[in-house]
Protein chains: 2
Amino acid sequence: MPEPSDAAADAAEPSLEEQIAAYQREFQDLDPQVEQVVSALQRLNRRMNVAYGRQTATLGMSNAEWEVLKALVLAGAPYRLGPGELAKRLGLTPAAMTHRIDRMANEGLVTRERDENNRVRVIVELTDEGREKWLEAMRLATVFEEDLLQDLSGDERQLLGQVLTRLLRRVEDAQPDAGGRLSDLD
Amino acid sequence: MPEPSDAAADAAEPSLEEQIAAYQREFQDLDPQVEQVVSALQRLNRRMNVAYGRQTATLGMSNAEWEVLKALVLAGAPYRLGPGELAKRLGLTPAAMTHRIDRMANEGLVTRERDENNRVRVIVELTDEGREKWLEAMRLATVFEEDLLQDLSGDERQLLGQVLTRLLRRVEDAQPDAGGRLSDLD
DNA sequence: CCTGAAGACTTCAGCCCTAAAGTTCGAAGC
DNA sequence: GCTTCGAACTTTAGGGCTGAAGTCTTCAGG
């Protein structure tokens with residue numbers, strides 16, 4: 001068994017605190033307060049996506065499929081949207097949506113049909129099975145989310161929600177374009 | 001020009017408030033306070049990744065490459081890590097790292113060489129050019145980040161950082177495994 | 001009516017990632 | 001010192017995504 005002897009190989013995963021200290025060391029003009037917020041946001045989201053991925057996997061689907069179900073449910077009854085609109089809301093290209101819908105239609109989560117009133121358009125509609133899958137995913141997700149926020153008091157939760165919403169408003173105003181492609185995700 | 005007449009086609013991008021209202025309508029057992037925090041986190045991170053992607057693109061690289069540079073800088077001088085270690089820190093498979101390093105070595109951002117003391121291992125080392133790229137990216141990123149938090153007072157920033165760090169600690173303790181694959185990213 | 005222009009979706013080529021097998025080297029036992 | 005096991009990385013096959021080109025439909029004009 002190779003010893004952990006060598007210098008370069010393994011230098012322990014940096015904690016958030018170590019990460020910020022390292023950034024300050026390497027980049028003088030850094031506001032540690034800002035960096036703590038930003039780095040925590042990034043790491044938190046990464047972990048959350050991993051957790052969601054595990055949950056959706058137990059339901060036999062991917063996060064990608066879950067996103068589509070979410071968008072359709074959010075559209076409200078009768079749970080219909082076109083591929084282009086879906087693509088815009090998920091931040092994907094229409095081409096990607098075409099394939100995703102193919103797969104989900106094969107699995108029975110959605111149906112795809114031409115709009116009779118305008119035969120250029122296509123209507124993607126949630127099936128009962130798709131809606132049921134969404135509900136199951138929500139039940140899992142809310143348990144995880146409640147657990148995540150467990151240590152926060154009601155006041156803290158409210159304050160956190162308000163502050164994050166302010167930040168979000170600031171970014172969304174600056175990038176009014178709803179569907180900027182997210183070149184990379186992590 | 002097709003009129004917006006049709007019912008199904010375009011139902012306006014939901015705002016965060018509308019999204020939460022819709023979730024409550026469709027899923028009774030929902031704590032709106034929790035959902036506001038979680039949904040804001042997700043949307044915020046998506047927007048941030050889009051913004052970072054645009055910035056790194058102006059420097060002629062992708063967010064993926066930027067992540068590698070970050071990990072190497074965080075490792076500290078002499079800015080060396082093995083492919084496996086990098087993969088673990090970025091949440092990728094070793095196979096993906098192999099190819100990423102190929103590309104980055106071709107672009108001169110890193111070098112790849114065998115460890116002389118243990119010829120199974122490979123050492124990826126940041127080049128001066130890579131370090132310079134990282135600095136440029138940091139300069140852009142900090143401007144964006146400072147702008148993002150502009151509306152927050154110093155106290156608010158500190159509080160936000162502390163609360164997020166507590167949440168992060170909770171998830172990281174629950175998923176001690178540093179490199180869970182993030183099956184999907186958005 | 002026929003034609004041209006624009007919109008909505010799909011198809012195609014190429015890139016990057018995952019999962020699984022393959023290769024190479026180092027460490028331990030006989 | 002030879003063999004076997006295990007570790008670290010690379011290679012291969014297949015899937016999902018982007019960007020660009022292609023198809024089909026609708027609308028406006030002559």
Side-chain angles (χ1 to χ4, degrees), chain A residues 1-6 8-10 49-50 53 57 61-68 80-88 90-107 112-124 179-186, chain B residues 1-6 8-10 49-50 53 57 61-68 80-107 110 112-124 179-186:
Chain A
M1 185 183 303
E3 292 184 29
S5 54
D6 205 46
D10 30 29
N49 284 335
V50 172
M61 64 180 176
S62 68
N63 272 354
E65 293 176 324
W66 188 34
E67 294 291 334
V68 176
R80 294 176 173 189
L81 286 174
E85 184 62 24
L86 277 169
K88 202 163 59 171
L90 300 195
L92 298 175
T93 60
M97 272 314 306
T98 293
H99 298 309
R100 228 183 242 199
I101 293 167
D102 283 348
R103 300 190 291 275
M104 293 180 70
N106 279 337
E107 296 167 1
R112 184 218 308 257
E113 56 190 44
R114 291 223 160 258
D115 183 338
E116 285 309 321
N117 302 37
N118 183 338
R119 301 178 42 72
V120 173
R121 294 189 172 175
V122 169
I123 297 179
V124 178
R181 304 284 167 270
L182 11 77
S183 33
D184 288 84
L185 351 98
D186 44 328
Chain B
M1 185 183 302
E3 290 184 30
S5 54
D6 206 46
D10 30 28
N49 285 334
V50 171
M61 62 180 177
S62 67
N63 272 354
E65 293 176 325
W66 188 32
E67 294 292 333
V68 176
R80 294 176 173 190
L81 286 174
E85 185 62 25
L86 277 169
K88 201 163 57 172
R89 298 193 184 191
L90 300 194
L92 298 175
T93 59
M97 273 313 306
T98 293
H99 298 309
R100 234 185 235 196
I101 293 167
D102 284 347
R103 298 191 291 276
M104 293 181 69
N106 280 338
E107 295 166 1
V110 302
R112 184 217 310 256
E113 55 190 42
R114 293 223 158 258
D115 183 339
E116 285 308 322
N117 303 35
N118 183 338
R119 301 179 43 71
V120 173
R121 294 188 173 178
V122 169
I123 297 178
V124 178
R181 304 284 165 271
L182 12 76
S183 34
D184 287 84
L185 344 95
D186 44 326

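Only this structure's heavy atoms are used, side chains among them; waters, hydrogens and symmetry mates stay out. Proteins get letters first, then strands, A, B, ... in listed order; numbering begins at 1 in each.
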To the nearest angstrom, how far is [X] atom [atom1] from [N] atom [atom2]?
X        : N      : atom1 : atom2 : answer
A/Glu116 : D/dT26 : CD    : P     : 10 Å
B/Met97  : D/dA8  : CE    : C1'   : 14 Å
B/Arg119 : C/dA27 : CZ    : C1'   : 17 Å
A/Lys88  : C/dG7  : NZ    : P     : 13 Å
B/Glu67  : C/dC16 : CD    : P     : 16 Å
B/Glu107 : C/dC15 : CD    : C1'   : 13 Å
B/Arg114 : D/dA8  : CZ    : P     : 13 Å
B/Asp102 : C/dC16 : CG    : P     : 11 Å

Using the side-chain heavy atoms of [X], tell me which of these nucleotides is nearest: [options].
X        : options               : answer
B/Leu92  : C/dT18, D/dC9, C/dT10 : C/dT18
A/Arg121 : D/dG19, C/dA8, D/dC9  : C/dA8
B/Val120 : D/dA8, C/dT18, C/dC12 : D/dA8

List, with names and distances, any nitrogen or oxygen atoms from the protein found under 3.5 Å away from nitrogen or oxygen atoms belonging to nucleotides 13-16 of chain D.
unit_1, atom_1, unit_2, atom_2, d
D/dG16, OP1, A/Arg103, NE, 3.2

Legend entry - Which residues share a side chain to side chain donor-acceptor pair (under 3.5 Å) with A/Arg103, sequence neighbours left out: none
Inset, instruction - Select base, sugar-phosphate, or nothing to describe what B/Arg112 touches, counting heavy atoms under 4.0 Å on all strands. - result: sugar-phosphate
Legend entry - Beyond-backbone contact of B/Leu81 with B/Arg89, side-chain heavy atoms, under 4.5 angstrom: yes
Inset, instruction - Check whether any side-chain heavy atom of A/Asp102 sits under 4.5 Å from a side-chain heavy atom of A/His99, and report yes or no. - result: yes
Between [atom1] on residue [X] and [atom2] on residue [Y], distance to nearest 0.5 Å:
X        : Y        : atom1 : atom2 : result
B/Thr98  : B/Arg112 : OG1   : CZ    : 6.5 Å
A/Glu107 : A/Met61  : CD    : CE    : 9.5 Å
A/Arg100 : A/Leu86  : CZ    : CG    : 9.5 Å

Legend entry - Pairing residues for A/Arg114 by the salt bridge (charged side-chain N to carboxylate O under 4.0 Å, His left out) criterion, not counting sequence neighbours: none
